[in-house]
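Below: the structure, in structure tokens.
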Amino acid sequence: MTNIAFTTLVILVFSFPGYLLRASYYAGKFTRHVLPRNWTDDIARAILFSLPLHLIMVSVFEWLQSSGLIHPTLNFEIVFRVVSGEYDENFSAVIASVYGNTRYLIAYYLSLVMVAIGIGYALRKVVWKWKWDVKYPWLFRYKNDWLYTLMGRDVPVPSEYPEAKIYVRVEALTKMALDEEAGKSLLYRGIAEGFTTEENGALRDILLTEVERGKFRKEPAKPPEFYWKPVTPGNLMVLKYAELENINITYLMELPPSFSPTERTAATQSSRSE
């Protein structure tokens, strides 16, 4: 008789390495919300990622067995009976075989876990460095759209400036008001350094550096003149997205110091605006 509870447990154990691979891949500060809060909520995807891992490790252990380095006695029939929960009159034999191969099963699963974490970590580094999520979005693109909107990750770099760096300038009109200017919105601008999200991926905070506040100069001898005043002290400013009325995003390009001032000035211009 099929033991549903035990079979469910086996499936969970079988699929867990796939979740670990995804967790390792999405371990970046901008990508964590992609994972479900409870890993059992996405068991089908975890199984999908686990299958190739199990195939790889089974092949490795079969090679070790054929080389005479290990001597497990498990076979496909026993594994199938454990996974499906079909024991019939062979229950005792199945349990005895599993118990006799405990050390191999532990070594197999620990190796599987380490391989899953290692592949996820290595893939994350490669995808991030070479921007595979931009080159092959159908396969690697992160679901966090703010990663591309606020960090300019998908803004193309001109071929003539392969070493150029894209940075993002944010101009934000906030609902916050100072005591001396009650009822007035404040305009800030700065370079986007990062952001935080809610559990569902919604934007929570925008982190800015080199922050300036928009002001009007009011002097009797001069007409009102708008200017930007640096916000000091502080190295990082946190803007709460819920308190913003609107934002303007400008994508800028900066060349490394090895280029001449003329080239850097010409290249530091808007690449895309929203």
Side-chain angles (χ1 to χ4, degrees), residues 27-33 128 131 134 142-158 161 163-274:
K29 60 182 178 180
F30 299 132
T31 56
R32 291 193 184 98
H33 84 269
W128 192 264
K131 289 191 174 182
V134 177
Y142 296 104
K143 294 182 179 180
N144 192 332
D145 291 333
W146 290 110
L147 176 63
Y148 303 95
T149 302
L150 280 177
M151 305 309 296
R153 183 167 172 79
D154 58 348
V155 176
V157 176
Y161 302 120
E163 299 178 2
K165 177 183 178 182
I166 299 296
Y167 62 97
V168 182
R169 186 178 66 200
V170 175
E171 297 170 353
L173 188 65
T174 74
K175 301 176 184 177
M176 298 182 293
L178 300 178
D179 293 338
E180 65 271 17
E181 298 186 18
K184 293 185 178 181
S185 298
L186 302 179
L187 180 63
Y188 291 100
R189 78 173 182 181
I191 304 302
E193 182 70 17
F195 62 91
T196 62
T197 60
E198 305 290 351
E199 292 292 340
N200 61 358
L203 187 62
R204 179 170 56 196
D205 301 312
I206 302 176
L207 311 180
L208 300 180
T209 61
E210 304 179 21
V211 182
E212 298 173 309
R213 178 188 168 197
K215 295 180 68 68
F216 284 94
R217 181 180 291 107
K218 299 179 181 179
E219 300 178 7
K222 296 181 179 181
E225 179 184 353
F226 180 83
Y227 68 100
W228 292 101
K229 179 181 179 180
V231 176
T232 58
N235 298 322
L236 193 69
M237 184 174 186
V238 180
L239 293 180
K240 294 187 176 299
Y241 184 67
E243 297 177 349
L244 299 182
E245 294 183 355
N246 56 62
I247 60 175
N248 181 66
I249 298 174
T250 304
Y251 299 95
L252 304 173
M253 183 174 63
E254 183 180 44
L255 295 180
S258 59
F259 287 81
S260 67
T262 303
E263 290 176 314
R264 296 180 65 190
T265 301
T268 305
Q269 55 187 342
S270 176
S271 299
R272 189 176 76 189
S273 299
E274 289 189 9

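- With respect to the salt-bridge test (charged N to carboxylate O, under 4.0 angstrom), the residues K165 and E254 do not qualify.
- R169 has its side chain within reach of E171: a pair of non-hydrogen atoms, C-beta onward, lies under 4.5 Å apart.
- For E193, there are no side chain to side chain donor-acceptor pair (under 3.5 Å) partners two or more places apart in sequence or in a different chain.
- Remark: of the listed residues Y188, Y227, W228, Y188 is the sole one forming a side-chain contact (heavy atoms from CB on, under 4.5 Å) with R213.
- The side-chain contact (heavy atoms from CB on, under 4.5 Å) search around V134 returns K131, Y148, R153, D154, not counting sequence neighbours.
- Scanning both residues, A172 and L239, for their nearest heavy atoms gives CB-CD1, 3.7 Å.
- The shortest non-hydrogen separation linking M151 to F195 is CG-CE2, 3.8 Å.
- The structure places CG of L186 at 8.5 Å from NZ of K215, a figure rounded to the nearest 0.5 Å.
- Of all heavy-atom pairs between A192 and V170, the closest is CB-CG2, 4.1 Å.
- Rounding to the nearest 0.5 angstrom, the gap separating the CD atom in E210 from the CG atom in L236 is 11.5 Å.
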(request) Test F226 against L187 for side-chain contact (heavy atoms from CB on, under 4.5 Å), laying out the working first. (result) CA-CA 11 Å; F226 180 83; L187 180 63; 3.9 Å; yes
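- Evaluation of the side-chain contact (heavy atoms from CB on, under 4.5 Å) rule for E245 yields L173, K175, S185 as partners, not counting sequence neighbours.
- Here CG of L150 is found 9.0 Å from CG of L208. Values are rounded to the nearest 0.5 Å.
- Residue-environment remark: CG (N246) exceeds the threshold of 12 foreign heavy atoms within 6.0 Å.
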(request) Could you please spell out the steps behind the side-chain contact (heavy atoms from CB on, under 4.5 Å) verdict for T197 and R204? (result) CA-CA 5 Å; T197 60; R204 179 170 56 196; 5.6 Å; no
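- P156 approaches I166 most closely through the heavy-atom pair O-CD1, 4.4 Å.
- Taking every heavy atom of both residues into account, G152 and V168 meet most closely at N-CG2, 3.6 Å.
- The minimum heavy-atom distance linking T196 with L203 is given by the pair O-CD1, 3.5 Å.
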